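Read through the structure below, which is laid out as structure tokens, and then see the notes.
This is a predicted model, so every value here is computed, not measured. All values below come from the heavy atoms of this structure, side chains included, with hydrogens, waters and symmetry mates left out.
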Amino acid sequence: MIESENKQELLDKRYMRMAYIWSENSYCKRRKVGALLVKDKMIISDGYNGTPSGFENICEDEDNKTKPYVLHAEANAITKVACSNNSSKDATLYVTSSPCIECAKLIIQAGINRVVYADAYRLSDGVDLLRRAGIELVNVELNG
């Protein structure tokens, strides 16, 4: 049992490193967030925070506030998988920052049963809702 837990921990850290690399695609200046949806050890979707398709790639307004229509990495990954032949049911979401309340609702509705995150978002209501929904939450810290 300990060996399988160590293997899962190694996988979690590996996918989280990949989510961090994916976050580098974000045009947002204040905070770059990346997400990967993984099912049966295959990446079925990915996302990073940014503006909707067809919009300018500028996430902040002139006051350096995030524009209200910027999509979070989780939302981008979930909507991307919805346009594919894959299903997010029973998948794991790897995200560099813990989900907000709006993304938590999408995660629940998408049937994702496990969320692995690195940094804690400033509000914990998303994590609280996921916990209430019975979704497994794992906080992974990457050193270096």
Side-chain angles (χ1 to χ4, degrees), residues 1-60 64 66-144:
M1 183 69 176
I2 291 174
E3 187 176 318
S4 66
E5 287 177 19
N6 287 340
K7 282 183 183 178
Q8 186 60 57
E9 188 177 328
L10 288 172
L11 277 175
D12 287 346
K13 287 184 177 185
R14 202 169 287 147
Y15 284 124
M16 187 59 67
R17 285 194 304 271
M18 293 169 74
Y20 269 108
I21 290 167
W22 198 246
S23 74
E24 294 172 12
N25 289 318
S26 174
Y27 288 91
C28 296
K29 294 177 182 170
R30 293 181 61 214
R31 181 182 200 120
K32 295 178 182 291
V33 180
L36 296 176
L37 258 176
V38 176
K39 187 172 180 177
D40 301 324
K41 294 185 183 175
M42 289 188 312
I43 297 170
I44 61 169
S45 190
D46 52 54
Y48 51 86
N49 56 327
T51 56
S53 298
F55 282 68
E56 74 289 344
N57 289 320
I58 300 170
C59 298
E60 293 82 15
N64 201 34
T66 300
K67 293 178 180 176
Y69 53 87
V70 168
L71 291 158
H72 288 187
E74 306 95 314
N76 271 324
I78 290 168
T79 55
K80 188 174 180 180
V81 79
C83 294
S84 75
N85 292 325
N86 289 311
S87 168
S88 56
K89 182 157 176 41
D90 298 327
T92 297
L93 175 70
Y94 292 88
V95 62
T96 57
S97 186
S98 61
C100 70
I101 190 80
E102 294 302 318
C103 289
K105 292 188 278 187
L106 291 174
I107 291 165
I108 293 165
Q109 290 302 98
I112 296 165
N113 65 2
R114 187 166 182 267
V115 175
V116 181
Y117 65 93
D119 304 323
Y121 183 60
R122 63 182 172 83
L123 302 173
S124 65
D125 51 357
V127 169
D128 296 340
L129 183 63
L130 293 173
R131 197 171 282 124
R132 185 173 165 199
I135 292 172
E136 181 184 352
L137 291 160
V138 178
N139 183 221
V140 170
E141 290 186 23
L142 295 179
N143 298 327

Begin with the C-alpha distance, continue with both residues' side-chain angles, and end with the deciding distance and a verdict on side-chain contact (heavy atoms from CB on, under 4.5 Å) for Thr92 and Val116.
CA-CA 7 Å; Thr92 297; Val116 181; 3.9 Å; yes

One thing to verify: whether Arg131 and Glu136 come together as a salt bridge, which I'm taking to mean a side-chain N less than 4.0 angstrom from a carboxylate O.
no

Show me the pairs that pass ring pair (Phe, Tyr, Trp, His ring centres under 6.0 Å) and involve residues 72-103, at least two apart or across chains.
Tyr15-Tyr94

When you look at NZ of Lys29, are more than 12 heavy atoms from neighbouring residues, nucleotides or ligands closer to it than 6.0 Å?
no

Within the structure provided, determine whether Asp128 and Leu130 are in side-chain contact (heavy-atom separation under 4.5 Å).
no

Give me the atom names and distance for the closest heavy-atom approach of Gly50 to Cys59.
CA-SG, 3.9 Å

Side-chain donor/acceptor of Thr96 to backbone N/O of Val33, under 3.5 Å
no

Determine whether Tyr20 and Leu142 make a side-chain contact, defined as any pair of heavy atoms from C-beta on separated by less than 4.5 Å.
yes

May I ask you to decide whether Lys39 forms a salt bridge with Asp90, counting only side-chain N to carboxylate O separations under 4.0 Å?
no

Nearest non-hydrogen partners of Ala35 and Trp22, listed with the distance:
O-CD1, 4.1 Å

Side-chain heavy-atom pair Leu10, Lys7 within 4.5 angstrom cut-off:
no

So, does Lys32 use its side chain to make a donor-acceptor pair with the main chain of Ser26 at under 3.5 Å?
yes

Across all chains, not counting sequence neighbours, the side-chain hydrogen bond (donor to acceptor under 3.5 Å, both in side chains) partners of Arg31 are Ser97

In short, Glu56 meets Thr51 closest at the heavy-atom pair O-OG1, 2.9 Å

Rounded to the nearest 0.5 Å, how far apart are CG of Leu36 and OG of Ser23?
10.0 Å

Contact between Pro99 and Val115 at the side-chain level, heavy atoms closer than 4.5 Å - yes or no?
yes

Hey, could you give me the CD/CG distance between Glu141 and Asp119, rounded to the nearest 0.5 Å?
9.0 Å

Of all residues at least two apart in sequence or in a different chain, which pass the ring-ring contact (aromatic ring centres under 6.0 Å, His included) check with Phe55?
Tyr69

Minimum heavy-atom distance Ser45-Ala77, with the two atoms named
OG-O, 2.7 Å

Please answer whether the main-chain N or O of Ala104 pairs with a side-chain N or O of Glu74 as donor and acceptor at a distance below 3.5 Å.
no

Mind checking the CD1-OH spacing from Ile21 to Tyr48? Nearest 0.5 Å is all I need.
15.0 Å

Do Arg30 and Glu60 come close enough that some side-chain heavy atom pair is under 4.5 Å?
yes

Would you call Asp12 and Arg114 a salt bridge, taking side-chain N to carboxylate O under 4.0 Å as the test?
yes

Val38/Leu11 under side-chain contact (heavy atoms from CB on, under 4.5 Å): CA gap, chis, key distance, verdict
CA-CA 11 Å; Val38 176; Leu11 277 175; over 6 Å; no

Ile44 and Ser84, any side-chain heavy atoms less than 4.5 Å apart:
no

Would you give the length of the straight line joining atom NZ of Lys13 to atom CE of Met16, rounded to the nearest 0.5 angstrom?
11.0 Å

Side chain of Asn139, backbone of Ala118: donor and acceptor closer than 3.5 Å?
yes

Of all the heavy-atom pairs spanning Ser88 and Leu37, show the shortest one and how long it is.
CB-CD1, 4.1 Å

Can you tell me how far apart CG (Asn76) and CG (Asp46) are? Round to the nearest 0.5 Å.
9.0 Å

What I'd like to find out is whether the side chain of Leu129 reaches to under 4.5 Å of the side chain of Ile108, using heavy atoms alone.
yes

Minimum heavy-atom distance Ala75-Leu106, with the two atoms named:
CB-CD1, 3.8 Å

CD1/Ile107 to CG/Leu137 distance, rounded to the nearest 0.5 angstrom?
8.5 Å

